[in-house]
Asker: 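Here it is: the structure, laid out below.
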Amino acid sequence: MSEREDARLELMRELKASANLQHAWLMQIWQAERGLHPAAAMLLSDLAKHGEGRPSDLAKRRFVDISVVSRQITQLFSAGLIDRRPAPEDGRSSLVSVSKLGYEQLERWRGLYLDFMAQALGGWDEQKVTSLTERLVEMNENLRAVLEPQNNCQELANVGK
């Protein structure tokens, strides 16, 4: 394996480790509060970032099956964290958006997350944080560009089998 391949594999390993550590933190918060499942909370955060949308669009953006998003929307709606309304052009489908209570909950979670990150990255200056963020944004855009034409994560799961 070349140095270039080794570097890319190591990058992906470290990103996976970072995702696992963030997930561990989320699970600690969830176990302490026994509230909304972390996956539903991440959907709520995504909805707040991108604005009102159809469940099918949320599923595509998150690279998950519509049934997963439907269950999460049901949980969020039951908790009063999202609002639903019929889509104007098609009454059979709905549009979902973050409710006032949802934004309040997101703000509370944001505070907890910022405290966690402040502890973890306390020695980092703003330039170091910004530089890493810019590189990750660029990388994620490139990864997304490769994935989006597929429109089916199952195809990717079967690559190499």
Asker: Do you reckon Leu112 sits in the same ILVMFWY cluster as Val98, going by side-chain contacts under 4.5 Å, direct or chained?
Answerer: yes

Asker: Identify, with sequence neighbours excluded, every residue that meets side chain to side chain contact (heavy atoms under 4.5 Å, CB included) alongside Asn142.
Answerer: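 If we apply the side chain to side chain contact (heavy atoms under 4.5 Å, CB included) test to Asn142, skipping adjacent residues, the hits are Glu138.
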
Asker: Contact between Leu143 and Asn140 at the side-chain level, heavy atoms closer than 4.5 Å - yes or no?
Answerer: yes

Asker: Below 3.5 Å, can you tabulate the donor-acceptor pairs from side chains in residues 78-88 to any protein atom, sequence neighbours excluded?
Answerer:
residue, atom, partner, partner atom, Å
Ser78, OG, Thr74, O, 2.9
Arg85, NE, Glu52, OE2, 2.8
Arg85, NH2, Glu52, OE1, 2.9

Asker: Restricting to ring pair (Phe, Tyr, Trp, His ring centres under 6.0 Å), what partner residues turn up for Trp124, sequence neighbours left out?
Answerer: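 Here no residue qualifies.
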
Asker: Kindly work out whether a path of hydrophobic side-chain contacts (I/L/V/M/F/W/Y, heavy atoms less than 4.5 Å apart) joins Val64 to Ile66.
Answerer: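 No; tracing contacts between hydrophobic side chains, which count when under 4.5 Å, never links both residues.
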
Asker: Which atom pairs, one a donor and one an acceptor, fall under 3.5 Å between side chains of residues 12-21 and the rest of the protein, sequence neighbours left out?
Answerer:
residue, atom, partner, partner atom, Å
Arg13, NH1, Glu10, OE1, 3.3
Ser18, OG, Gln22, NE2, 3.3
Asn20, ND2, Lys16, O, 3.4

Asker: Going by the rule side-chain hydrogen bond (donor to acceptor under 3.5 Å, both in side chains), which residues pair with Ser131 if we only count those two or more places apart in sequence or in a different chain?
Answerer: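 side-chain hydrogen bond (donor to acceptor under 3.5 Å, both in side chains) list for Ser131, sorted by chain: Arg135.
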
Asker: Is there side-chain contact between Leu58 and Val96, with at least one heavy-atom pair below 4.5 Å?
Answerer: yes

Asker: How would you list, by chain and number, every residue that makes a side chain to side chain contact (heavy atoms under 4.5 Å, CB included) with His50, sequence neighbours excluded?
Answerer: Asp46, Arg61

Asker: Please identify each residue that fulfils side chain to side chain contact (heavy atoms under 4.5 Å, CB included) with Asp57, with sequence neighbours left out.
Answerer: Arg54

Asker: Once rounded to the nearest 0.5 Å, what's the spacing between atom NZ of Lys60 and atom CG of Leu147?
Answerer: 15.0 Å

Asker: If you look at every heavy atom in Gln72 and Ala39, which pair is closest and at what distance?
Answerer: NE2-CB, 3.2 Å

Asker: In chain order, what residues pass the side chain to side chain contact (heavy atoms under 4.5 Å, CB included) check against Glu3, with sequence neighbours excluded?
Answerer: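 Partners of Glu3 by the side chain to side chain contact (heavy atoms under 4.5 Å, CB included) criterion come out as none, since no residue qualifies.
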
Asker: Could you list the donor-acceptor pairs under 3.5 angstrom formed between side-chain atoms of residues 102-111 and any protein atom two or more places apart in sequence or on another chain?
Answerer:
residue, atom, partner, partner atom, Å
Glu104, OE2, Lys100, NZ, 3.3
Arg108, NH1, Glu33, OE2, 3.1
Arg108, NH2, Glu33, OE1, 2.6
Arg108, NH2, Glu33, OE2, 3.2

Asker: Does the side chain of Leu11 reach to within under 4.5 Å of the side chain of Met139, using non-hydrogen atoms?
Answerer: yes

Asker: Starting at CD of Glu134, measure out to CG of Leu136 and round the result to the nearest 0.5 Å.
Answerer: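 Taking CD in Glu134 and CG in Leu136, the distance rounds to 10.5 Å.
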
Asker: Name the orientation class of the two ring planes belonging to Tyr113 and Trp25 (parallel below 30°, tilted from 30 to 60°, perpendicular beyond 60°).
Answerer: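 Answer is perpendicular, since the angle exceeds 60°.
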
Asker: Within this structure, what is the CG-CE distance for the pair Leu26 and Met42, rounded to the nearest 0.5 Å?
Answerer: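 Atom-to-atom, Leu26:CG and Met42:CE are 6.0 Å apart.
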
Asker: Just to verify, what does Ser67 make a side-chain hydrogen bond (donor to acceptor under 3.5 Å, both in side chains) with, not counting sequence neighbours?
Answerer: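 For Ser67 the side-chain hydrogen bond (donor to acceptor under 3.5 Å, both in side chains) partners, ignoring immediate neighbours, are Asp65.
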
Asker: To the nearest 0.5 Å, how far apart are CD1 in Ile73 and CG in Leu44?
Answerer: 10.5 Å

